[in-house]
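Just so it is clear, the values below take in all heavy atoms, side chains as well, and ignore hydrogens, waters and symmetry mates.
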Amino acid sequence: MDLSQAECVIKSLIREIAQECADRGHSISETLGAFMVKAVVLDPRYEFNVDRRLTKTDVHKLIMVCVDRLLETERPSLDTIKMQIYFDMNYTSRAALQSVFPQTELGTFLALTKKDKERQLNELSLIVSGIRLFNKNCKKGGEGIDDLPAILNEALPATKQNIKSELQPTQQLVYHYTAIIERLEKSRQQCYETDGLHDKLKEALYNVRQHEVFLCIILTEIITCDKQVEMLQEQLNKRMDELNTVVKSKATVPTAQVYPHFIYLSNLWSSLQDEMVLLSVFSNLINNLDPYLGTHSQLFPDGVIGPLLEGVDVKTDEERLNKASEDEINPIDFMNREWIFPEDTLLYHQLTMQYRGFCAYTLGARHGLLLRGNPNIGILKYQEKYYTFSSKEAATAFAQKPDYYITQATEEAKHFPELIQLLELHQQFTSVAPYAQPERCLRPIVKCDSCTQTDTHILEPNIVRSYEWNEWELRRKAIKLANLRQKVTRYMQTTLSHMRRDNATQVYLPKNRAVQTKRDNSCNVPKPQVFYAGLRGGNVTEPTRVNKFNLTRAVDET
């Protein structure tokens, strides 16, 4: 099945799930349906094998399971997933805030053919805005312009106070649920999951933890917005003073001197407007997150939570961190592990902690319990990732078997899919993309003309110094490597050999040889010497007569 067919199948599944939910009186979004399909497939309890093709029975089972989970209105897990989807689809970070050209002016804008006209109109708009702002500051005009600095100075503290008032009860619920779960783990041990109370408490804990994380993100953005507004106001006042110095009471001023000031004023005011829009987005986010906290409050009202908290020591995150700060890991005890401490590095605040800063040990070893990690104990760097822990004992246990606890945390996230977003586990689950990026899994196939510039050397140079282009030099090297005078080449012929043939070899057997060696003796035998005379000089009439003379000396001759 190719990519287009797979996308069609997934879209068909999501449509059938949405239709089935609509028939039962519930409307869901495509993003929620797509995430639920992935969550059910990843959950080992349903035994879906992603490596094989799904049969009709598997597809029907997948649809029914997804519909049943989407209609479980009494589970905080579904509320948490919906809250995550809403936040990611509506959260606008400071880097993503851009100015968009109004659609109503698009026709007029496209009618202009020359770029000079476009540039002149843009500059004219900025200059007019700057002049109106300057006139408003001089109290000589600028009617209809709101006092953005005053509005922001009033709205920012109110928004921060609103977030803190929302954050306080949420954190109190976090502490209550955490304390109750710890009590169940200690008292009931293996039986605490029989009635499902433990799972419901964990889902409630994840729900309020996610709400706490979102509120902290918004609070951080509001603090940044406050600093940005303060800086913009200082620049605006400074530019106004400079412009007053240039203009003063002059009747005419060269445009080259004042126009840059007007343009700069307009840009500063536009930045203040962006901060106003951003503040409005965050305020709406805060108010719209409350409906996703209703299920856990219905399951665990004060009448249910009160008896469970009797005799329980409820600890806040700050109290846990302060208690564990006294214990610190000794890196010498872990020679094969790398530990980092906040005071040892200047880039500590830029480190990205795994599991969003929650304890890596308790997440895997204590059935998904979320406790804040304390960096002062020691930050473990393992496989280029950073882990924090709630206690020295937790850090010690995790450092001994990190792979085991990482796997346990991943398995826990398969049973509770809201943990994928809450703990930022998208790298462990590559098939699950963030909610704000649904096009990664269901992106349509589009075609467009495009061009790409390829770098000349995109890979590191790998020059082989032993490369030789000369064929004869290669042969000489081959002879040296073979060393045929001292090596024996052997080969064998099998039934699978190419172009097999019968072969025979003639072998010369070794010969028996004897060797006589020289031996010294007391006597020295004379060397035989014979001389032949008359071998040359004969003719036809007189035949040749050969005389033999023995010149060998006698043995007894001295």
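Partners of Tyr46 under the side-chain hydrogen bond (donor to acceptor under 3.5 Å, both in side chains) rule, at least two apart in sequence or in another chain, do not exist in this structure. Scored by the side-chain hydrogen bond (donor to acceptor under 3.5 Å, both in side chains) test, Lys160 finds Asp226 as partners (sequence neighbours excluded). For Gln233, the side-chain contact (heavy atoms from CB on, under 4.5 Å) criterion is met by Pro149, Asn153, Val229, not counting sequence neighbours. Under the side-chain hydrogen bond (donor to acceptor under 3.5 Å, both in side chains) criterion, Arg75 pairs with Glu72, Glu203, sequence neighbours left out. In terms of the side-chain contact (heavy atoms from CB on, under 4.5 Å) criterion, Ala22 has no residue partners (sequence neighbours excluded). Judged as a side-chain hydrogen bond (donor to acceptor under 3.5 Å, both in side chains), and not counting sequence neighbours, Glu154 has no contacts. In this structure, the side-chain contact (heavy atoms from CB on, under 4.5 Å) partners of Gln400, at least two apart in sequence or on a different chain, are Thr396.
Looking at Gln172 and His176, their side chains do bring a donor and an acceptor atom within 3.5 Å of each other. One side chain, Gln84 or Gln210, offers a donor N or O that lies under 3.5 Å from an acceptor on the other. A donor-acceptor pair shorter than 3.5 Å cannot be found between the side chains of Asn267 and Ser270. Looking at Glu185 and His367, their side chains never bring a donor and an acceptor atom within 3.5 Å of each other.
Applying the ring pair (Phe, Tyr, Trp, His ring centres under 6.0 Å) definition to pairs two or more places apart or across chains, none involves residues 64-83. Residue pairs meeting the salt bridge (Lys or Arg N to Asp or Glu O under 4.0 Å) criterion with at least one partner in residues 347-358, sequence neighbours excluded, are Arg356-Glu424. Residue pairs meeting the side chain to side chain donor-acceptor pair (under 3.5 Å) criterion with at least one member in residues 327-338, sequence neighbours excluded, do not occur. Contacts classified as ring pair (Phe, Tyr, Trp, His ring centres under 6.0 Å) and involving residues 304-338 (residues at least two apart or in different chains) are given here: Phe334-Trp339. Contacts classified as side chain to side chain donor-acceptor pair (under 3.5 Å) and involving residues 300-314 (residues at least two apart or in different chains) are not found.
The two atoms that bring Phe341 and Gly378 nearest to each other are CE2-CA, 3.7 Å, heavy atoms only. In plain terms, the two heavy atoms of Ala39 and Pro417 that are nearest each other are CB-CB, 3.5 Å. Minimum interatomic distance between Leu152 and Pro157 (heavy atoms only, all atoms of both residues): O-CD, 4.2 Å. Nearest heavy-atom pair, Ile17 versus Cys66, reported as atom, atom and distance to 0.1 Å: CD1-CB, 3.7 Å. Ala399 and Leu380 get closest at one heavy-atom pair: CA-CD2, 4.3 Å. The two residues Glu275 and Cys225 have their closest heavy-atom pair at OE1-SG, 2.9 Å.
Note that the NZ atom of Lys414 and the CG atom of Leu425 stand 12.0 Å from one another [nearest 0.5 Å]. Interatomic distance, Ser283 OG to Ile222 CD1, rounded to the nearest 0.5 Å: 6.0 Å.
For the pair Tyr175/Lys315, no side-chain contact is recorded, criterion being any heavy-atom separation below 4.5 Å from C-beta on. Side-chain contact between Leu293 and Leu289: absent, with no pair of heavy atoms (C-beta onward) separated by less than 4.5 Å. Using a 4.5 Å heavy-atom threshold, the side chains of Arg372 and Arg320 count as separate. Side-chain contact between Asn374 and Ser390 is absent, with no heavy-atom pair separated by less than 4.5 Å. Considering only heavy atoms from C-beta on, Val213 comes within 4.5 Å of Ile217 through its side chain. Taking the side chain as every heavy atom from C-beta outward, Lys82 and Tyr86 never approach each other to under 4.5 Å. When side chains are defined from C-beta on, Ile340 counts as touching Tyr386, because their heavy atoms get closer than 4.5 Å. With contacts defined as side-chain heavy-atom distances shorter than 4.5 Å, the pair Val174/Glu212 qualifies.
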Determine, stepwise, if the pair Thr80 / Phe416 fulfils side chain to side chain contact (heavy atoms under 4.5 Å, CB included).
CA-CA 10 Å; Thr80 305; Phe416 298 93; over 6 Å; no
Begin with the C-alpha distance, continue with both residues' side-chain angles, and end with the deciding distance and a verdict on side chain to side chain contact (heavy atoms under 4.5 Å, CB included) for Lys202 and Tyr177.
CA-CA 8 Å; Lys202 285 198 298 184; Tyr177 289 141; over 6 Å; no
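Between the Lys200 side chain and the His296 main chain, no donor and acceptor come within less than 3.5 Å of each other. The backbone N or O of Tyr292 sits less than 3.5 Å from a side-chain atom of Asn207, completing a donor-acceptor pair. A donor-acceptor pair under 3.5 Å is absent between the side-chain atoms of Asp43 and the main chain of Val40, judged by distance alone. Side-chain atoms of Ser280 never come within 3.5 Å of backbone atoms of Met276 as a donor-acceptor pair (strictly under, hydrogens ignored).
In this structure, Lys38 fails the cation-pi test against Phe35, since its NZ or CZ atom is not both closer than 6.0 Å to the six-membered ring centre and inside 45 degrees of the ring normal. In this structure, Lys381 forms no cation-pi arrangement with Tyr387, as its terminal cationic atom is not both closer than 6.0 Å to the ring centre and no more than 45° off the ring axis.
Ion pairing of Lys227 with Glu230 is absent here, as no side-chain N (NZ or NE/NH1/NH2) approaches a carboxylate O to less than 4.0 Å. A salt bridge does not link Asp403 to Lys385: none of the charged nitrogens lies less than 4.0 Å from a carboxylate oxygen. Residues Arg24 and Glu20 are paired through a salt bridge, judged by an N-O separation under 4.0 Å between the basic side chain and the carboxylate.
Counting heavy atoms of neighbouring residues, nucleotides and ligands inside a 6.0 Å radius, atom CD of Glu74 does not exceed 12 of them.
Checking each of Thr362, Thr178, Leu422 against Leu370 for a side-chain contact (heavy atoms from CB on, under 4.5 Å) leaves exactly one that passes, namely Leu422.
Ring to ring, Phe389 and Tyr361 are not that close: their centroids are 6.0 angstrom or more apart.
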